[in-house]
Amino acid sequence: MPVPEGMRPGEGSRDAAVLILFGEGPDGPDILLTERAATLSNHAGQPAFPGGRIDPEDGGPIAAALREAQEETGVEPSGVDVLGTLPELYLSHSNHRVTPVIGWWREPSEIAPGHPGEVATVARVPIAELTDPANRLTVRHPSGLRLGPAFRVRGMLVWGFTAMLLTAVLQAGGWDRPWDPSHVEDLPPDALSLSLRS
């Protein structure tokens with residue numbers, strides 16, 4: 001997966017990992033997403049992949065991604081087959097260098113928000129919904145600046161880093177369907193307000 005110039009890791013950034021977990025759900029193949037609590041100081045209220053900082057005792061991004069997924073959603077690591085990792089991506093807003101870990105949910109477990117102060121919602125989102133052109137749009141800042149692709153699924157507006165990574169993964173997997181990127185909407189005021197927290 002090519003890494004855009006602006007997302008190439010720099011010096012001094014903190015290591016983090018996210019889990020992109022594929023499974024076979026009741027509505028077909030799906031991907032696990034969370035919605036971060038509105039009370040958080042970074043990326044508050046935003047849909048995201050389970051994940052977080054890599055702790056020294058993790059020993060690397062794979063263990064960190066599995067640990068965070070278990071803590072945030074209840075995913076049992078023993079039921080996940082890790083398929084590999086994607087290139088590191090840099091998030092300038094939080095100064096993190098993020099390694100996406102790809103997993104297959106061989107033995108799905110019950111899921112629920114693991115910590116109400118961190119996670120508001122947990123959802124298995126079918127790939128068919130993510131690739132439905134009716135659920136795709138481009139979001140922009142009220143100033144007119146286009147912020148990138150977005151998905152409207154399961155009551156969530158998925159945008160920012162998560163939407164960019166989802167778009168790349170769906171394209172790499174051959175699931176992407178033609179959609180209208182000229183369908184542009186302003187980022188809702190509540191989402192914009194939460195995104196400005198630091």
Side-chain angles (χ1 to χ4, degrees), residues 1 7 9 13-91 93-94 96-127 129-130 151 153-170 172-173 175:
M1 186 182 76
M7 298 194 75
S13 51
R14 295 168 290 187
D15 291 326
V18 296
L19 181 65
I20 304 176
L21 185 58
F22 293 91
E24 185 64 39
D27 298 313
D30 57 25
I31 296 177
L32 182 66
L33 292 178
T34 70
E35 186 171 70
R36 294 168 61 83
T39 53
L40 292 174
S41 57
N42 282 316
H43 307 292
Q46 292 186 21
F49 297 108
R53 291 186 191 174
I54 301 175
D55 292 338
E57 56 268 27
D58 289 324
I62 292 175
L66 292 173
R67 173 183 56 77
E68 288 281 354
Q70 184 175 34
E71 292 174 0
E72 293 179 0
T73 70
V75 166
E76 179 54 53
S78 63
V80 175
D81 291 333
V82 174
L83 306 179
T85 61
L86 296 178
E88 291 179 327
L89 301 169
Y90 178 62
L91 274 70
H93 180 69
S94 58
H96 279 98
R97 184 171 56 239
V98 181
T99 299
V101 177
I102 306 293
W104 170 250
W105 213 353
R106 174 176 34 82
E107 295 180 11
S109 46
E110 293 294 322
I111 54 171
H115 192 301
E118 295 183 7
V119 180
T121 304
V122 178
R124 297 183 65 166
V125 182
I127 290 176
E129 287 187 24
L130 289 166
F151 303 79
V153 289
R154 302 283 159 135
M156 299 184 291
L157 177 65
V158 184
W159 64 285
F161 172 76
T162 303
M164 180 280 300
L165 190 49
L166 261 179
T167 298
V169 168
L170 292 173
W175 297 298

Are [X] and [Y] packed together at the side-chain level, in the sense that at least one heavy-atom pair is separated by less than 4.5 angstrom?
X	Y	value
Leu130	Val158	no
Leu32	Leu19	no
Val125	Asp30	no
Phe151	Thr167	yes
Glu76	Glu107	no
Pro100	Leu165	yes
Val98	Leu91	yes

Is the side chain of [X] donor-acceptor paired with the backbone N or O of [Y] at a distance under 3.5 Å, no angle test?
X	Y	answer
Arg106	Ser78	yes
Thr121	Glu35	no
Thr34	Ala48	yes

How long is the gap from [atom1] on [X] to [atom2] on [Y], to the nearest 0.5 Å?
X	Y	atom1	atom2	result
Phe22	Ile127	CZ	CD1	5.5 Å
Asp81	Trp105	CG	CH2	13.0 Å
Glu68	Thr73	CD	OG1	10.5 Å
Ile31	Arg124	CD1	CZ	11.0 Å
Leu89	Thr99	CG	OG1	8.0 Å
Leu83	Ile20	CG	CD1	11.0 Å

> Between Phe49 and Leu21, is a side-chain contact (heavy atoms from CB on, under 4.5 Å) present by the stated rule, with each step listed?
Replying inline: CA-CA 8 Å; Phe49 297 108; Leu21 185 58; over 6 Å; no
> Counting heavy atoms not belonging to Glu57, are there more than 12 under 6.0 Å from its CD?
Replying inline: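 Buried by this count: over 12 neighbours within 6.0 Å.
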> Could you go step by step and tell me if Arg67 and Asp55 meet the side-chain contact (heavy atoms from CB on, under 4.5 Å) rule?
Replying inline: CA-CA 10 Å; Arg67 173 183 56 77; Asp55 292 338; 3.3 Å; yes
Closest approach of [X] to [Y] (non-hydrogen atoms, all atoms of both residues):
X	Y	value
Pro50	Glu72	CA-OE1, 3.2 Å
Thr162	Pro47	OG1-O, 3.2 Å
Ala64	Asp58	CB-OD2, 3.4 Å
Pro126	Asp27	CG-CB, 3.8 Å
Gln46	Trp159	NE2-CZ2, 3.5 Å

> What do the steps show when you test Trp104 against Val80 for side-chain contact (heavy atoms from CB on, under 4.5 Å), and what is the final call?
Replying inline: CA-CA 6 Å; Trp104 170 250; Val80 175; over 6 Å; no
